[in-house]
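Data block below; observations after.
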Amino acid sequence: MKITVDEVKCCGAGQCVLIAPEVFDQRDEDGIVILLDAAPAAEQHAAVREAASVCPAAAIHLGEEA
Amino acid sequence: MTTSPETAPAPAGIPDLPDPRSARCPFDPSPQMRGLAAFGPVFRVRNWDGKTPWVVTSHAEQKALLSDNRLSVDFAAPGFPSPIARHGGGEGESEVHGEAAQDGDNHGVTDLSFVGMDDPEHARLRRMVSGVFTIKRVEAMRPAVQELVDGFIDRLLDGPKPVDLVQAFSLPIPSLVISELLGVPYGDHEFFQINSKTLVSLTATPAERHSAHTALVDYLDQLVGERLGNPGEDVLSRLAAQVRAGELTRREVAVMGVLLLLGGHETTANMITLGILLLLQHPRQAARVRDAEDPEVVVGAVEELLRFLTIAHLGRRRTALEDIEIAGQTIRKGEGVIMLGELANRDPSVFPDPDRLDITRDARQHQAFGAGTHHCIGQPLARMELQVIYPALLRRIPTLRLATELDQVPFKFDAVIYGAHELHVTW
Ligand code: HEM
Ligand code: SF4
């Protein structure tokens, strides 16, 4: 799994941080997403998929293999 | 409801907006719009002002459009489908005069800060303040909110009953929270609550709306002035620092302050009132919220209540900047588009059996806070407040019940934000 995030689209909702805190964080100054781990371990994949589908800005993109 | 005299009858086949919820099903979207949604995700409606914008009903199309920069939120655009109808007391067109007459279609208000702007201007302003609402900062506020809520429940229990939950509980709590966060003295709450009420009313005249907004902006401007010389820890001080740094003008901060103050209390207050009312109608689900040991049960219940009620009803309203194809239908440049979130949130392809309130379902895909570019900036705060409030009230007052019949509850059929004017409860 290869994750990319679109900082321009991200509206700082933090839903990804709630669902997959090991993979996503938020910048302190404006709440925009920080990708902590672009290629997380398999046990994170389900949470990452959930975060991508719940993200209200559709700012999280998943590619299978880089 | 009266139709304004200047609008001709709708052509056959084109339904009218606004199209209120049915008093018989006060928790459900307008039955007519629901019925039409079954025929397709995009159709034309006739707005109260005679324009014929498009309504989009499906969850997927709404979510995509709300992130699409070919749609503009600029309410002064000629095709913009304004939600603010001009009726009440036979005034109408003749009331539009002076400054208010030049305000495009938003009837009396020229500047709503970033909620009325497109990117990149929108993003520039929004990101000056979005850092206040990160998950971590909002979590840090939870204990203080819990304490505040407990204090209000103590006073409910000590006070007379029945009591109007709106005035004694739902309105003051979010109002206090946002005032404190911004740095607006809560002592002035009557002033800002009366003026915000005018701004979200669908029946206020343009002149009334204009003077309410001006009064609020002047008030915030004075507070910003104080923070410029004497900063504290609050959001206005944070923004005043940007004024000193030359990043924002004092007026930009005052107008943004009004937006946050407004956005922060009417919405959450109505969600508290209607959420409690809906739980009282569903006692077994209320008991689950009350007895939950796992906080996730409450988190899930809040999402389902947000979905089911969708209090920011009447649609996210936009104008097409280019021709756009939606579900096989071409929306022409300049035409209005209305995304009805209350229908996205009852889309059966996303929420099976959507008209059933089920606090155990996964409702997180709901669009009660909008989606995309203008997705509610205050949602982590609103969610946290609701997660504290519902279980606290149900636990401390387990015999809480309506003091009237449901059909006597005065629902806000006439407001941009749905809710109830009063809710008399006892125990
Ligand atoms: C349950 C409570 C709430 C609901 C249902 C709600 C709903 C919404 C919705 C639907 C939007 C999208 C508007 C659009 O797309 O045109 C929005 C935007 C907004 N909300 Fe909320 N809101 C709530 C609480 C709050 C709170 C607590 C605050 C302030 C602290 C707030 C401040 C805002 C602001 C400033 C925007 C504009 C965002 C932008 O344009 O980028 N809201 N809200
Ligand atoms: S959920 Fe989406 S919008 Fe929200 S912070 Fe994460 S990436 Fe950004």
Side-chain angles (χ1 to χ4, degrees), chain A, chain B residues 59-60 62-69 114-115 119-120 122-140 238 241-242 247 295-296 299 303 306 316 341 344 350 362-384 387:
Chain A
M1 175 181 275
K2 173 101 177 78
I3 310 174
T4 50
V5 292
D6 185 337
E7 288 183 14
V8 175
K9 272 180 140 185
C10 169
C11 59
Q15 293 305 295
C16 53
V17 182
L18 284 170
I19 296 169
E22 325 229 302
V23 180
F24 304 102
D25 199 357
Q26 286 175 287
R27 292 203 296 244
D28 259 348
E29 65 277 18
D30 57 11
I32 299 306
V33 62
I34 304 172
L35 185 57
L36 300 174
D37 186 353
E43 67 266 22
Q44 294 288 338
H45 290 187
V48 170
R49 284 205 188 85
E50 200 176 310
S53 80
V54 169
C55 170
I60 301 171
H61 301 283
L62 305 181
E64 272 325 306
E65 217 42 71
Chain B
H59 186 278
Q62 290 194 36
K63 186 169 177 181
L65 288 168
L66 288 169
S67 303
D68 191 328
N69 56 19
F114 54 85
V115 73
D119 283 347
H122 161 268
R124 182 181 78 86
L125 292 177
R126 176 171 167 132
R127 289 183 184 196
M128 296 278 179
V129 72
S130 51
V132 173
F133 300 99
T134 58
I135 298 294
K136 277 182 209 134
R137 288 210 176 87
V138 168
E139 270 318 302
R238 180 190 167 110
Q242 300 291 341
E247 296 286 335
E296 288 306 313
V299 170
E303 297 309 306
L306 285 162
R316 318 270 65 79
V350 184
D362 182 357
R364 286 173 303 175
Q365 300 274 4
H366 70 70
Q367 296 180 21
F369 293 114
T373 322
H374 293 271
H375 185 254
C376 179
I377 199 174
Q379 54 76 24
L381 178 62
R383 282 178 155 131
M384 183 269 280
Q387 288 162 9

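Below, chains carry the letters A, B, ... as their sequence lines are ordered, and counting in each starts from 1. This one's a predicted model, so the numbers in the text were calculated from it and none came from an experiment.
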Check: residues 374-384 of chain B side-chain donor-acceptor pairs under 3.5 Å, at least two apart:
| from | atom 1 | to | atom 2 | distance (Å) |
| --- | --- | --- | --- | --- |
| B:H374 | ND1 | B:H122 | NE2 | 3.3 |
| B:H374 | NE2 | B:M117 | O | 3.4 |
| B:Q379 | OE1 | B:R383 | NH1 | 2.5 |
| B:Q379 | NE2 | A:A13 | O | 3.0 |
| B:R383 | NE | B:E303 | OE1 | 3.3 |
| B:R383 | NE | B:E303 | OE2 | 2.8 |
| B:R383 | NH2 | B:E303 | OE1 | 2.8 |

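- Note on B:S67, B:G372, B:G131: by heavy-atom pairs under 4.5 Å with chain A, the leading option is B:G131.
- Looking only at side-chain heavy atoms (C-beta outward), A:I3 and A:I60 come within less than 4.5 Å of each other.
- With sequence neighbours excluded, the residues forming a side-chain contact (heavy atoms from CB on, under 4.5 Å) with B:V132 are B:V129, B:L181, B:V235, B:R238, listed by chain and number.
- Looking at residues two or more places apart in sequence or on another chain, you find a side-chain contact (heavy atoms from CB on, under 4.5 Å) between A:V54 and A:Q15, A:I19, B:R364, B:Q365.
- No other option in A:C10, A:A58, A:S53, A:C55 has as many heavy-atom pairs under 4.5 Å with chain B as A:S53.
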query = Yes or no on side chain to side chain contact (heavy atoms under 4.5 Å, CB included) for B:R137 and B:T134, after CA distance, side-chain angles and deciding distance?
reply = CA-CA 5 Å; B:R137 288 210 176 87; B:T134 58; 3.4 Å; yes

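- A donor-acceptor contact shorter than 3.5 Å links the side chain of B:R126 to the backbone of A:C11.
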key: Test side chain to side chain contact (heavy atoms under 4.5 Å, CB included) applied to B:L66 and B:Q367, step by step   = CA-CA 10 Å; B:L66 288 169; B:Q367 296 180 21; 4.0 Å; yes

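- Interface with chain B: from residues 26-44 of chain A, residues A:Q26, A:R27, A:D28, A:E29, A:D30, A:G31, A:I32 qualify, criterion being any non-hydrogen pair under 4.5 Å.
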